[in-house]
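The chain is numbered in sequence order, starting from 1.
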Amino acid sequence: MSILSYILVIFVAVEAIFIMVLEMFAVQSKMAQKAFNLAPEYLRQKEAKIAMANQGLYNGFIGVGIFVILFIFPGNAILYGLLLFVGFVVVAAIYGALTVNPKIILSQGLPAILAILALLFT
């Protein structure tokens, strides 16, 4: 694995964990409101907080999964595990761009797409 692909994959993992923190613990912050393009009134609702925390949990699973693959998986499984988990991020970004905010494809999808390309071509 090249240094570029390693850096891109780590960026994707850190971004997923950052999104988890926003969704689970800082959902009512100005940063979360701007990032998710949601009204403060909506984010104050109990049901919205629960839904956002649930989404955050899944983002955390992706981030932690990438780190586990990088640092615990045996060498012959790393590439395929990373392609799977980073691929999940690409699919989620496409879906999010279509259903929530088109900017998601750039903010979350582009790093993941670049990471996949780096993994495949190095």
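Between the CG atom in L110 and the CG atom in L114 there is a gap of 4.5 Å [rounded to 0.5 Å]. Distance check: I72 CD1 to I78 CD1 gives 10.5 Å after rounding to the nearest 0.5 Å. Going from atom CE of M52 over to atom OH of Y42 covers 7.0 Å, rounded to the nearest 0.5 Å. Rounded to the nearest 0.5 Å, atoms OG1 (T99) and CD1 (I104) are 6.5 Å apart. From F88, atom CZ reaches atom CD1 of I66 across 10.0 Å, with rounding to the nearest 0.5 Å. If you take CG on N101 and CZ on F36, they are separated by 10.5 Å, rounding to the nearest 0.5 Å.
The hydrophobic clustering, which links ILVMFWY residues whose side-chain heavy atoms are closer than 4.5 Å, places L119 and F11 apart. F25 and I19 end up in different hydrophobic clusters when Ile, Leu, Val, Met, Phe, Trp and Tyr side chains are linked at under 4.5 Å. Under the 4.5 Å side-chain contact rule for hydrophobic residues, L57 and L22 do not share a cluster. One hydrophobic cluster holds both L117 and V90 under the rule that ILVMFWY side chains link at heavy-atom gaps under 4.5 Å. Both L79 and I116 sit in one connected hydrophobic cluster of ILVMFWY residues. Membership requires side-chain heavy atoms under 4.5 Å apart, directly or through other members.
With a 6.0 Å radius and a threshold of 12 heavy atoms from other residues, nucleotides or ligands, I3 has its CD1 atom at or below the threshold.
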Hey, mind stepping through F85 and V12 against side-chain contact (heavy atoms from CB on, under 4.5 Å) and telling me if it holds? CA-CA 10 Å; F85 272 70; V12 171; over 6 Å; no
Passes side-chain contact (heavy atoms from CB on, under 4.5 Å), L4 versus T122? Steps please. CA-CA 9 Å; L4 177 62; T122 57; 5.9 Å; no
Just do the side-chain contact (heavy atoms from CB on, under 4.5 Å) check on F67 and I10 with the steps written out, would you? CA-CA 8 Å; F67 281 124; I10 293 227; 4.2 Å; yes
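V27 and L43 get closest at one heavy-atom pair: O-CD1, 3.1 Å. For I62 against A16, the heavy-atom pair with the smallest separation is CG2-CB, 4.3 Å. Shown here for Q55 and E23, the closest heavy-atom pair between the two residues is C-OE1, 3.2 Å. Annotation for Q108 and A93: closest pair C-CB, 4.1 Å, computed over non-hydrogen atoms. The two atoms that bring A112 and V86 nearest to each other are O-CG1, 3.3 Å, heavy atoms only. Between A26 and A32, the shortest heavy-atom contact is O-CB, 3.2 Å.
Test E47, K49, E41 against Q45 for side chain to side chain contact (heavy atoms under 4.5 Å, CB included) and you get one pass: E47.
You'll find the side chain of L70 reaches within 4.5 Å of the side chain of M1, heavy atoms only.
Ring geometry, Y58 versus F61: the interplanar angle exceeds 60°, so the pair is classed perpendicular (tilted spans 30 to 60°).
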